[in-house]
Amino acid sequence: MPPRWPRKPDRKDPAYRKLDDRMNFAVHVALFAVCNSGLWFFHNLNLTTWEWLPWLTAGWFVVLLVHLIYISAIANYSETPPTST
């Protein structure tokens, strides 16, 4: 069941931005799991020699790790956005 939001969703709302970023990350993790498990399944089933597959998996995992670090440590979810100079 999708999460309920008590007011109109708006990217200016910091709580909504945080929830939206985390749900976006969850979708990316799901896509990573589905695609990579399917590729590795057929790689093992057909006994193929895909030298690029470990690099793809490792690279995609690094991108997911950077995404996680960004949403958990770097992203600013304060009420007032910082002013640019």
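Quick note: residue numbers are just sequence positions, from 1. Heavy-atom basis, side chains included; hydrogens, waters and symmetry copies ignored.
- By the side chain to side chain contact (heavy atoms under 4.5 Å, CB included) test, N44 is found to be paired with no residue, residues two or more places apart in sequence or in another chain being considered.
- The number of heavy-atom neighbours closer than 6.0 Å to CZ of F42, taken from other residues, nucleotides and ligands shown, is 12 or below.
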Please output the side-chain donor-acceptor pairs of residues 52-59 that fall under 3.5 Å, not counting sequence neighbours, one pair per line with the distance.
from, atom 1, to, atom 2, distance (Å)
T57, OG1, N36, OD1, 2.8
T57, OG1, W40, NE1, 2.9
T57, OG1, L53, O, 3.1

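- For residues 21-30, the pairs satisfying salt bridge (Lys or Arg N to Asp or Glu O under 4.0 Å) are R11-D21, with sequence neighbours left out.
- In terms of the ring-ring contact (aromatic ring centres under 6.0 Å, His included) criterion, residue partners of F32 (sequence neighbours excluded) are, by chain and number, W60.
- For the pair T49 and E51, the minimum side-chain heavy-atom distance is below 4.5 Å.
- Residues S78 and P14 come closest through the heavy atom pair O-CB, 3.8 Å.
- As a member of the Ile/Leu/Val/Met/Phe/Trp/Tyr network built from side-chain separations under 4.5 Å, L47 groups with nothing else and remains a singleton.
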(request) Apply side chain to side chain donor-acceptor pair (under 3.5 Å) to the pair T48 and N46, showing each step before the final yes or no. (result) CA-CA 5 Å; T48 59; N46 295 332; over 6 Å; no
Per-pair distances, 0.1 Å, donor-acceptor, side chain in residues 62-74, under 3.5 Å, sequence neighbours excluded:
from, atom 1, to, atom 2, distance (Å)
H67, ND1, H28, ND1, 3.3
S72, OG, L68, O, 2.7

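- Between the side chain of R17 and the backbone N or O of A75, no donor-acceptor pair lies under 3.5 Å.
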